[in-house]
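I have placed the structure first, in the form of structure tokens, so that the comments after it can refer back to it.
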Amino acid sequence: MEQLKKCLVSACLTGLCTRYDGQCKPNPTCLRQLIGYHWIPICPEQLGGLPTPRPAASLTGGDGYDVLAGTARVIDQHGNDLSVPFLRGAAMVLTIAQAQNIDLCLLKSGSPSCGIAPVPGVTTALLRTHGIEVVSF
Ligand code: SF4
């Protein structure tokens with residue numbers, strides 16, 4: 001049997017309702033790109049232990065790389081510091097990526113975890129730091 005290449009994909013892009021508001025963001029272009037891959041849905045915020053739904057959160061004082069360095073934080077709409085669960089979730093995604101020999105991740109734009117431009121999220125920063133390619137949808 002042909003061995004398919006593997007990739008990780010943000011769970012909310014595949015139609016799983018993992019977003020902070022309990023919704024999903026299925027993306028037809030992303031789903032087409034998954035054809036031919038053995039793909040694994042991941043949600044860093046859920047893997048970090050946060051519930052769904054959950055308060056909206058944003059990067060404060062820098063980007064995902066700065067959160068990794070400890071010079072920026074992830075703060076939710078009530079002022080709670082969620083940096084620890086965001087870092088934990090990013091580490092879980094990296095563990096899965098390395099265990100599965102993943103070299104491509106398709107992640108959701110505009111997220112403090114999965115985002116890429118204009119501000120890289122925490123998971124994106126950690127994956128890229130370890131040489132894993134991240135593409136934004
Ligand atoms: Fe989607 Fe990523 Fe947010 Fe989870 S953390 S809901 S996968 S954008």
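Note that the structure is predicted; figures quoted are calculated from it, not measured. In each ligand, atom 1 is the first atom listed, and ligand 1 is the first ligand listed. Values reported hereafter were calculated over all heavy atoms of this structure, with side chains retained and with hydrogens, waters and symmetry mates removed. Count residues from 1 along the sequence.
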Quick check for you: to the nearest 0.5 Å, what is the distance between [X] atom [atom1] and [Y] atom [atom2]?
X	Y	atom1	atom2	result
Cys114	Arg19	SG	CZ	11.0 Å
Thr18	Gln23	OG1	CD	10.5 Å
Cys105	Ile42	SG	CD1	6.5 Å
Asp103	Glu133	CG	CD	7.5 Å
Lys6	Gln100	NZ	CD	3.5 Å

Checklist entry - Using a distance threshold of 2.8 Å, what protein N/O/S atoms lie below it relative to atom 2 (Fe) of ligand 1? => result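 Metal shell, protein only: Cys114 SG.
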
Item to check | Gln23, portion touching ligand 1 at heavy-atom distance under 4.0 Å | outcome: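 Gln23 to ligand 1: no contact under 4.0 Å from either part.
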
Next on the checklist: Quick check on side-chain contact (heavy atoms from CB on, under 4.5 Å): which of Leu126, Ile40, Leu47 does Val93 satisfy it with?
Outcome noted: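 Going through Leu126, Ile40, Leu47 one by one, the side-chain contact (heavy atoms from CB on, under 4.5 Å) with Val93 is satisfied by Leu47 alone.
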
Checklist entry - Within the distance-only criterion (no hydrogens, no angle test), does the side chain of Thr71 pair as donor or acceptor with the backbone N or O of Asp66 below 3.5 angstrom? => result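 At least one qualifying donor-acceptor pair exists.
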
Item to check | Proximal ligand 1 atoms for Arg54, defined as those under 4.0 Å from one of its heavy atoms | outcome: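 This gives 6 (S) as the contact atoms.
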
